[in-house]
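Whatever order the structure lists ligands and atoms in, that order sets their numbers, starting from 1. Every heavy atom of this structure was used, including side-chain atoms; hydrogens, water molecules and symmetry mates were not.
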Amino acid sequence: MPGPLEGRLALVTGASRGLGAATAVALARLGADLVISARTIGGLEETDDAIRAAGGRASLVPLDLRDGPSVDRLGPSIGERFGRLDALVANAGVLGPLTPAGHILPDAWAEVIEVNLGAAWRLIRTAAPLLLAAPAGRAVFVTDRRARMPRAYWGAYGASKAGMEYLALAWAEETRNTRLRVNLFDPGPMATRLRLRAMPAEDRSALPAPEEIAPALAALCLPEENRHAALISRAPSPGG
Ligand code: NAP
């Protein structure tokens with residue numbers, strides 16, 4: 001479909017629902033072809049339907065981001081099949097347990113760190129060669145203000161996002177003299193499953209839908225976007 005991202009390919013993780021699904025559709029509206037990934041095949045198919053309705057096309061990659069070797073194969077297989085990758089949206093995330101730090105169980109800790117931090121490292125490793133070869137490679141890492149505003153019981157999630165932010169910004173420093181642009185995006189509270197788990201009693205009607213936030217994230221993948229190592233935040237000010 002015609003648009004500023006026509007002929008370009010974007011990989012979006014966590015695209016089975018929530019912000020990832022909405023961002024994939026927003027990128028399709030800008031003309032991008034998509035590779036969409038998550039564990040839930042039915043969710044990926046729903047996103048695929050929405051992308052087609054927007055005039056775009058997607059390849060579906062069912063994948064558990066805790067499966068390191070499969071993440072490692074992602075970049076080479078995208079390279080073999082499409083010969084390029086122009087944008088990476090590292091969006092998938094899990095909340096993990098909201099519990100005192102000393103009560104976090106090993107399996108829960110491992111999942112949060114592997115999905116929110118470890119997968120970011122694996123995605124950088126696997127996607128970097130293609131993104132650096134692209135005429136205007138873009139990488140966006142979805143974060144949360146909890147990375148910078150610690151709160152009781154949010155230790156696992158906040159630590160994983162803080163680590164991910166550091167890693168992404170270190171990579172941004174390493175790639176400063178390339179065509180690649182690497183940024184962080186904090187969507188702020190949205191009416192998604194993750195938020196519902198965190199705040200089950202909250203009035204969801206007061207929160208923006210991910211579809212309202214996604215265009216700002218997708219815009220970070222445009223060739224004219226020149227920010228680098230920036231934190232683009234939609235989160236309300238402290239206390240909000
Ligand atoms: P969501 O609706 O729960 O979506 C999370 C996505 O991550 C799903 O597509 C899920 O797919 C995927 N995912 C989770 N574990 C995975 C795994 N092991 N392997 C592969 N994919 C996995 O949450 P959301 O609110 O859209 O979250 C998107 C991003 O925004 C996250 O990074 C989150 O931290 C961030 N964020 C959200 C809020 C908020 O208020 N919602 C605020 C600030 C930041 P499957 O379950 O199908 O695998």
Undergrad: So, the side chain of Asp186 versus the backbone of Arg145: is there a donor-acceptor pair under 3.5 Å, distance only?
TA: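 Yes, because the side chain of Asp186 sits within donor-acceptor range (under 3.5 Å) of the backbone of Arg145.
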Undergrad: Is it the case that the side chains of Asn116 and Tyr157 hold a donor-acceptor pair, with the cut-off being a distance below 3.5 Å and no angle test?
TA: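 Distance-only check fails for Tyr157 and Asn116.
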Undergrad: Under a 4.0 Å heavy-atom cut-off, which residues neighbour ligand 1?
TA: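 Heavy-atom contacts below 4.0 Å: Gly14, Ala15, Ser16, Arg17, Gly18, Leu19, Ala38, Arg39, Thr40, Leu63, Asp64, Leu65, Arg66, Asn91, Ala92, Gly93, Val94, Val115, Val142, Thr143, Asp144, Tyr157, Lys161, Pro187, Gly188, Pro189, Met190, Thr192, Arg193, Leu194, Arg195.
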Undergrad: Show the atom names and distances, to 0.1 Å, of all donor-acceptor pairs under 3.5 Å that link a side chain in residues 132-140 to residues at least two apart or in another chain.
TA:
residue : atom : partner : partner atom : Å
Arg138  : NE   : Leu222  : O            : 3.0
Arg138  : NE   : Glu225  : O            : 3.4
Arg138  : NH1  : Arg179  : O            : 3.2
Arg138  : NH2  : Pro223  : O            : 2.6
Arg138  : NH2  : Glu225  : O            : 3.2

Undergrad: Under the 3.5 angstrom rule, does the side chain of Thr126 hit a backbone N or O of Leu123 as a donor-acceptor pair?
TA: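 Side chain of Thr126 to backbone of Leu123, a donor-acceptor pair under 3.5 Å: no, none is there.
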Undergrad: Quick one, Arg17 and Thr192 - any side-chain contact, counting heavy atoms below 4.5 Å?
TA: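 No; the side chains remain at least 4.5 Å from each other.
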Undergrad: With a sphere of 6.0 Å drawn around CZ of Phe82, does it hold more than 12 non-hydrogen atoms of other residues, nucleotides or ligands?
TA: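 Atom CZ in Phe82 is crowded, with more than 12 foreign heavy atoms closer than 6.0 Å.
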